[in-house]
Structures are given as structure tokens and as C-alpha cells.
Amino acid sequence: MSVPIQIKCRSGRKLVTLPNSESAKTRPWDTVATSLQLALARGHRWLAMLESGKVKSLKQIATREGVGSSYVSRMVNLTTLAPDIIASILDDTLPNHITLFNLAVDLPVLWEEQRERIKHT
């Protein structure tokens, strides 16, 4: 007996595609957060630190975390992504060619422009 399956790489993980083009369900303990998901979580955590007054500036966060202040700024900017883009990051359904760099550097303010960037990247 043979079952025709395809194995695709998606965000550093292997994804099994069944003959009817459906993906095999992953178990919660089999999934590892992608770099985009981790970056988005960092951005939200750091923004919460700023808003709560725990830190006074992005530079202070950078010093505490041992990273550059420009990196902190880019991760915090991810919190302004369109809700559907954030959902795609969390669901890991963004196209494979979209990277953290594509989303974090020179991020457009308008959500429609963000969506266009993803379409044309």
C-alpha cells in the first residue's frame, strides 16, 4: 500500500500534504513558534512595557534585553500591522517568501499599503 504525500518546508518546519491537498493536522505540542511569531510577541511585550511605564524608552528596553535599539524599534513597529496580517503570522499562513525583514523595515503606516507590500514582495 502506498499513500502519495508531499512534504513541504514551511517556516522551518516540515508540513505533510495529503493527496486531497489537505494538510495533516499538527498537534499543539508539535508546533514551535516561528521567528515571525516570536518577533510579534516581543514587539507586543515591549510595547506593553512602554505603555505600563515599566520602561521609559526603547533604548532602555534595548539595554535590558541586550539588543540594539533599532531592533527593538522594528519589533515594536510590528504591533501596527493590519489585523489580517497579524492573524496570518499567528496562523503561519503568510507566503513562504515573506520574511521578518519584509515586515519590519520601512513598514507602511496604512494597512492597505502593508497588504500591497505582501502581495508584491
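Atom set for the values below is all heavy atoms of this structure, side chains included, hydrogens, waters and symmetry mates excluded.
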Q) Below 4.5 Å, heavy atoms only, C-beta onward: do Val109 and Thr80 meet side chain to side chain? A) no
Q: Examine distances only and state if a side-chain atom of Gln60 and a backbone atom of Lys56 form a donor-acceptor pair shorter than 3.5 Å.
A: yes
Q | Heavy-atom closest contact (Leu38 atom, Ala33 atom, distance) | A | CD2-CB, 3.8 Å
Q: Would you give the length of the straight line joining atom CD of Gln37 to atom CG of Leu94, rounded to the nearest 0.5 angstrom?
A: 9.5 Å
(Q) Main chain of Pro108, side chain of Glu113: is a donor-acceptor contact present, judged purely on distance under 3.5 Å? (A) no
**Q.** Separation between CG of Leu47 and OG1 of Thr79, rounded to the nearest 0.5 Å
**A.** 4.5 Å
Q: Say whether Val67 and Val76 are linked into one hydrophobic cluster, either directly or through other cluster members, by side-chain heavy-atom distances under 4.5 angstrom.
A: yes
(Q) Would you say Ser88 and Asp91 are linked by a side-chain donor-acceptor pair, where the criterion is simply a distance under 3.5 Å? (A) no
Q. Charged N to carboxylate O under 4.0 angstrom, Arg45 versus Glu65?
A. yes
Q | Hphob cluster co-occupancy, Trp111 + Ile98, side-chain heavy atoms under 4.5 angstrom | A | no
**Q.** Distance-minimising heavy-atom pair for Met49 and Arg64
**A.** CE-NH1, 3.7 Å
(Q) If you apply the rule side-chain contact (heavy atoms from CB on, under 4.5 Å), what do you find for Val105 with Asn77, and how did you get there? (A) CA-CA 9 Å; Val105 176; Asn77 282 343; over 6 Å; no
Q: Would you mind reporting whether Trp46 and Glu51 have side-chain heavy atoms less than 4.5 Å apart?
A: no
Q | Spacing of Leu50 atom CG and Ser57 atom OG [to the nearest 0.5 Å] | A | 7.5 Å
Q) To the nearest 0.5 Å, how far apart are CE in Met75 and CD1 in Ile61? A) 12.5 Å
Q. Does Arg117 use its side chain to pair, donor to acceptor, with the backbone of Asn102 at less than 3.5 Å?
A. yes
(Q) Quick one, Leu103 with Ile118, criterion side-chain contact (heavy atoms from CB on, under 4.5 Å). Give me CA distance, side-chain angles, the key distance, then yes/no. (A) CA-CA 8 Å; Leu103 296 175; Ile118 287 175; 4.0 Å; yes
Q | Worked check of side-chain contact (heavy atoms from CB on, under 4.5 Å) between Ile86 and Leu78 | A | CA-CA 9 Å; Ile86 290 175; Leu78 291 175; over 6 Å; no
Q: Taking Gln114 for its side chain and Leu107 for its backbone only, find out whether a donor-acceptor pair lies under 3.5 Å.
A: no
Q. Considering only heavy atoms from C-beta outward, does the side chain of Ile89 approach that of Leu81 to under 4.5 Å?
A. yes
Q: Mind checking the CZ-NZ spacing from Arg115 to Lys119? Nearest 0.5 Å is all I need.
A: 8.5 Å
